[in-house]
Amino acid sequence: MTISEFILDRLDRMLLRIAFFFAVSAFLLLTGTQAGIIALLLLACLLIFFAELLFDFWKEKKRLDELQAIMRRLDERYLFTECAPRPRRLYERRLFDLLRLSGKSMIEAVSDAHAAQREYREYIEQWVHEIKTPITAAKLICQNIDSDTRRRLSGELAQIDAHVERALFYARAESPEKDFIIKKTALSSICEGAIGTHQTLLIQNGVRVETENLEETVYTDGKWAAFMLGQLLQNAARYRSAAPVITLSGKRLGRQVQLIVRDNGIGIPAHELPRVFDRGFTGRNGRSQGGSTGMGLYLCKRLADALEIGLQIQSTVGAGTCVTLTFPAEIKLT
């Protein structure tokens with residue numbers, strides 16, 4: 001709060017007080033009081049009045065600064081009324097009580113929302129684990145039917161499995177740090193895990209995967225990193241060219257290590273690149289081919305931020321897409 005804001009806020013009362021002083025002075029003058037005495041009284045009243053204003057300004061500014069400091073220190077700012085000191089004046093106390101009641105109502109609503117969200121997330125995780133059983137059973141049944149039907153049905157089951165896995169990771173992405181196990185992990189194991197998970201999809205789409213320089217090791221959670229890479233492999237298979245090739249290569253960059261995922265697919269238009277990590281964004285390619293949810297790259301970005309992995313994407317229409325994952329030298333979770 002500035003002095004000008006304080007004066008503007010009290011301007012009506014100031015003008016009324018000054019007008020009262022001059023009215024009293026005029027009355028005293030009409031009753032025969034000497035002008036010099038009236039001038040001294042008027043000057044004294046004005047000085048006392050302005051001193052009172054300065055004192056009120058200092059007191060209110062100090063109070064606001066104290067409240068702002070409390071607000072800045074709070075992580076959950078809706079708890080402000082629970083932490084702020086109770087005011088002394090009656091009007092402010094009544095207003096403060098109303099704000100506290102409002103704050104309590106909001107805290108209850110937030111707590112209920114968090115509880116409902118937690119229950120829903122737990123239900124999704126349980127559902128995912130339960131649905132995997134019939135998917136596995138269906139894969140086993142596929143082994144006893146003719147090769148052409150088996151190949152097509154296995155591909156559809158692989159797609160279902162990928163969507164189910166994405167739902168599980170999305171449910172956990174609200175607080176992924178609770179599921180992290182950061183350790184020294186070989187790039188080769190991350191790539192082998194992702195390729196193995198999506199092997200059926202890659203084979204059915206005729207995608208050839210080439211690897212190079214994967215002997216580097218990184219500090220990350222192998223499971224989440226393999227999930228991120230799996231989303232990139234799925235996109236490369238979906239938006240493939242006539243002779244699809246995906247190259248996975250490692251590169252040392254100082255103390256950091258990069259995993260470069262390059263494909264020769266149909267590419268992404270330049271004006272869509274800034275939005276590919278937005279939740280639900282499908283773009284021209286997703287709309288033209290159908291079946292895209294726009295969640296794969298969104299989850300990749302969220303997980304990359306949580307794991308402190310740099311995530312950059314470059315693409316040229318008709319030439320392919322290159323995604324670079326830059327792993328940190330080391331992660332220290334707090």
Inspect the surroundings of CD in Gln314 and state if more than 12 heavy atoms from other residues, nucleotides or ligands are less than 6.0 Å away.
no

Single-linkage hydrophobic cluster Phe21~Leu53, side-chain heavy atoms < 4.5 angstrom
yes

Judged by atom type as modelled, is there a donor-acceptor pair below 3.5 Å linking the side chain of Ser249 to the main-chain atoms of Glu212?
no

Would you say Ile313 and Leu259 are hydrophobically clustered, going by side-chain heavy atoms of ILVMFWY under 4.5 Å?
yes

Taking salt bridge (charged side-chain N to carboxylate O under 4.0 Å, His left out) as the cut-off, I'd like each qualifying pair that reaches into residues 14-40, sequence neighbours left out, listed once.
Arg17-Glu52

Results of ring-ring contact (aromatic ring centres under 6.0 Å, His included) for Phe227 - residues two or more places apart only
Phe169

Is Leu233 reachable from Val245 through a run of hydrophobic residues whose side-chain heavy atoms are each under 4.5 Å from the next?
no

For the pair Asp263 (side chain) and Gly265 (backbone), establish whether a donor and an acceptor sit closer than 3.5 Å, ignoring hydrogens and angles.
yes

Test log, rule salt bridge (Lys or Arg N to Asp or Glu O under 4.0 Å), inputs Asp65 and Lys61
CA-CA 6 Å; Asp65 290 343; Lys61 187 176 186 305; 3.2 Å; yes

Tyr298 versus Asp278: any side-chain heavy-atom pair under 4.5 Å?
no

So Val24 and Phe20, do their side chains get closer than 4.5 Å, heavy atoms only?
yes

I'd like to check Lys59 versus Asp56 (side-chain heavy atoms, cut-off strictly below 4.5 Å). Are they in contact?
yes

How many angstroms lie between OG1 in Thr324 and CD in Gln312, if you round to the nearest 0.5 Å?
6.0 Å

Which atom pair, heavy atoms only, marks the closest approach of Gly280 to Met295?
N-SD, 4.1 Å

List, one per line, each side-chain donor-acceptor pair under 3.5 Å for residues 185-200, sequence neighbours excluded.
unit_1 : atom_1 : unit_2 : atom_2 : d
Thr185 : OG1    : Lys183 : O      : 3.1
Ser189 : OG     : Ala186 : O      : 2.7
Thr197 : OG1    : Gly193 : O      : 2.9

Whether Asp305 and Lys301 form a salt bridge (side-chain N of Lys/Arg under 4.0 Å from carboxylate O of Asp/Glu) is what I want to check.
yes

In chain order, what residues pass the salt bridge (Lys or Arg N to Asp or Glu O under 4.0 Å) check against Glu210, with sequence neighbours excluded?
Arg208

Interatomic distance, CD1@Ile260 vs CG@Leu325, rounded to 0.5 Å, equals 9.5 Å

Return all side-chain donor-acceptor pairs below 3.5 angstrom for residues 28-50, not counting sequence neighbours, or 'none' if the list is empty.
unit_1 : atom_1 : unit_2 : atom_2 : d
Thr31  : OG1    : Phe27  : O      : 3.2
Thr31  : OG1    : Leu28  : O      : 2.8
Thr33  : OG1    : Leu28  : O      : 3.1

Decide yes or no for Leu307 and Asp221: does some side-chain heavy atom of the first lie under 4.5 Å from some side-chain heavy atom of the second?
yes

Exactly one of Arg252, Lys251, Arg255 clears salt bridge (Lys or Arg N to Asp or Glu O under 4.0 Å) with Glu216, and that residue is Arg252

Which value, rounded to the nearest 0.5 Å, describes the distance between Arg279 atom CZ and Leu299 atom CG?
9.0 Å

Same cluster for Ile182 and Trp224 if Ile/Leu/Val/Met/Phe/Trp/Tyr side chains link at under 4.5 Å?
yes

Side-chain H-bond candidate by donor/acceptor type, Gln258 with Thr326, under 3.5 Å
yes

Would you say that more than 12 heavy atoms from the other residues, nucleotides or ligands in this model lie under 6.0 Å from the CZ of Arg262, or not?
no

Could you pull out the closest heavy-atom pair between Asn205 and Pro244, with the gap in Å?
O-CG, 3.6 Å

Extract all donor-acceptor atom pairs below 3.5 Å that involve side chains of residues 266-276 and protein atoms in other chains or at least two apart in sequence.
unit_1 : atom_1 : unit_2 : atom_2 : d
Glu272 : OE1    : Arg284 : N      : 3.4
Glu272 : OE2    : Arg284 : N      : 2.9

I want to check something: taking the side chain as every heavy atom from C-beta on, are Ile246 and Leu248 in contact at a cut-off of under 4.5 Å?
yes

Side chain to side chain, Gln234 and Leu201, heavy atoms closer than 4.5 Å:
yes

From Tyr239 atom OH to Ser315 atom OG, the distance as rounded to the nearest 0.5 Å
12.0 Å

Rounded to the nearest 0.5 Å, how far does CG of Leu297 lie from CG of Asn235?
5.0 Å

What's the verdict on side-chain contact (heavy atoms from CB on, under 4.5 Å) for Leu311 and Cys300, showing C-alpha distance, side-chain angles and the deciding distance?
CA-CA 8 Å; Leu311 183 61; Cys300 285; 4.2 Å; yes

For the hydrophobic clusters of this structure (ILVMFWY residues joined by side-chain heavy atoms under 4.5 Å, transitively), does one cluster hold both Phe22 and Met14?
yes

Say you draw a straight line from CG of Asn264 to OG1 of Thr247; how long is it, rounded to the nearest 0.5 Å?
8.0 Å

